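Encoded as structure tokens, the structure appears first; notes follow it.
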Protein chains: 2
Amino acid sequence: MYIRYMNSKLFRGTLDTIILTMLRDNGKMYGYEITKSVKEKTNGEFKITEGSLYPALHKLERKGYLEIHLLKVDNRMRKYYSLSKKGNKAVKEEITEIQSFIHSLSLIVNPNT
Amino acid sequence: MYIRYMNSKLFRGTLDTIILTMLRDNGKMYGYEITKSVKEKTNGEFKITEGSLYPALHKLERKGYLEIHLLKVDNRMRKYYSLSKKGNKAVKEEITEIQSFIHSLSLIVNPNT
DNA sequence: TTTGTATACATAAGATATCTATGTATATTC
DNA sequence: GAATATACATAGATATCTTATGTATACAAA
């Protein structure tokens, strides 16, 4: 990996929920696929670095939010993640929280809301 | 001060911009007033702790974003802050950034956007 | 009269999330 | 054979915020 990405400091706190939401919407995904998909979905705005992504996935796994199955494709390993029952419950709560956060933040930074 | 506030982890990265925006909208404010005003504007959602607020104000001051004048009211000191020219420029950029962030985040967590 | 609440500032120490940097390895394109 | 893309991993640094604590005045309630 040669390309370095730059992330916004605003990211902080939202990464876990972003990952969980991607998994909710796509059933199962592997790490690299998540970064590509998030980048695409946000028109290049959100670029998740590997140093952020993999530790985050491991943490979510430790918390019991993710289920894993490994697959070898083109002689390269892929670690597929999907939401566990616990993860499915968590993603709903976290999205509600993020939407509430966005709403409150808009009340400050957006005129006429 | 006896009441302890709880902040969301989502806050991270937005505090400086929130402070600058409040100052932009209100001309000049003192620290305590900012916390009250932010809490009121967000219907109790954003509760800025003193341990977050004052260090943030000091940092923004060091960066040259703020102008200060002290005032004694009811025998209590107030430190009034207002935006410097540099702060005025910064707040515009940071709000644009936050709005772009909100937009991208919505693309992920909100269906049909 | 002292207890609690509100106002008003400040800072040290700790937690934690993310970034930077680095490492391994395979496949494909130039 | 050099660069790019795919695919994982982790140690160490950094930044931001929280928790905890401190000082001080004013006022209401008990």
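Just so it is clear, the model here is predicted, and its values are computed rather than measured. Numbered from 1 within each chain, the chains take letters A, B, ... in sequence-line order.
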Return the value, rounded to whole Å, for the distance between atom [atom1] of [X] and atom [atom2] of [N].
X	N	atom1	atom2	result
A:Phe11	C:dT20	CZ	C1'	16 Å
A:Leu53	D:dC8	CG	P	8 Å
A:Leu71	D:dT6	CG	P	17 Å
B:Lys72	C:dC9	NZ	P	13 Å
B:Glu40	C:dA6	CD	P	15 Å
B:Tyr32	C:dA10	OH	P	15 Å
B:Lys47	C:dA6	NZ	P	14 Å
A:Ile48	D:dC8	CD1	C1'	16 Å

Following the transitive rule for hydrophobic clusters with a side-chain heavy-atom cut-off under 4.5 Å over Ile, Leu, Val, Met, Phe, Trp and Tyr, establish whether [X] and [Y] coincide in one cluster.
X	Y	answer
A:Leu71	A:Leu66	yes
B:Leu20	B:Ile68	yes
B:Met29	B:Val73	yes

Phosphate OP1/OP2 of [N] contacted by [X] side-chain N/O (<4.0 Å):
X	N	value
B:Tyr30	C:dC9	no
A:Asn75	C:dA27	yes
B:Lys36	C:dA8	no

*A:Ile18 versus B:Leu105: any side-chain heavy-atom pair under 4.5 Å?*
yes

*Hey, does A:Thr35 reach any base, or is it just sugar-phosphate, or nothing, if we go heavy atoms under 4.0 Å?*
nothing

*asked:* So A:Arg78, base contact, sugar-phosphate only, or nothing? Heavy-atom distance under 4.0 Å.
replied: sugar-phosphate

*Closer to the 5' end of DNA chain D via nearest nucleotide, is it A:Tyr81 or B:Asp16?*
A:Tyr81

*asked:* Go nucleotide by nucleotide along DNA chain C from the 5' end; which of A:Asp74 and A:Ala56 gets its closest nucleotide reached first?
replied: A:Ala56

Restricting to nitrogen or oxygen on both sides, can you table the protein-nucleotides 12-16 of chain C pairs closer than 3.5 Å?
none

*I would like to know whether A:Thr21 and A:Ile98 meet side chain to side chain contact (heavy atoms under 4.5 Å, CB included); could you show each step before the answer?*
CA-CA 11 Å; A:Thr21 306; A:Ile98 248 181; over 6 Å; no

*Between atom OG of B:Ser84 and atom CD of B:Glu67, what is the distance when rounded to the nearest 0.5 Å?*
5.5 Å

From [options], nucleotide with atom closest to [X] side chain:
X	options	result
A:Tyr54	D:dC8, C:dC9, D:dC17	D:dC8
B:His58	C:dT11, C:dT7, D:dC8	C:dT11
A:Glu50	C:dA10, C:dT22, C:dT18	C:dT22

_side chain to side chain contact (heavy atoms under 4.5 Å, CB included) for A:Arg24 and A:Leu83? Distances and angles first, verdict last._
CA-CA 7 Å; A:Arg24 183 202 58 176; A:Leu83 293 186; 3.7 Å; yes

*Can you say whether the rings of B:Phe46 and A:Phe101 are parallel (under 30°), tilted (30 to 60°) or perpendicular (over 60°)?*
tilted

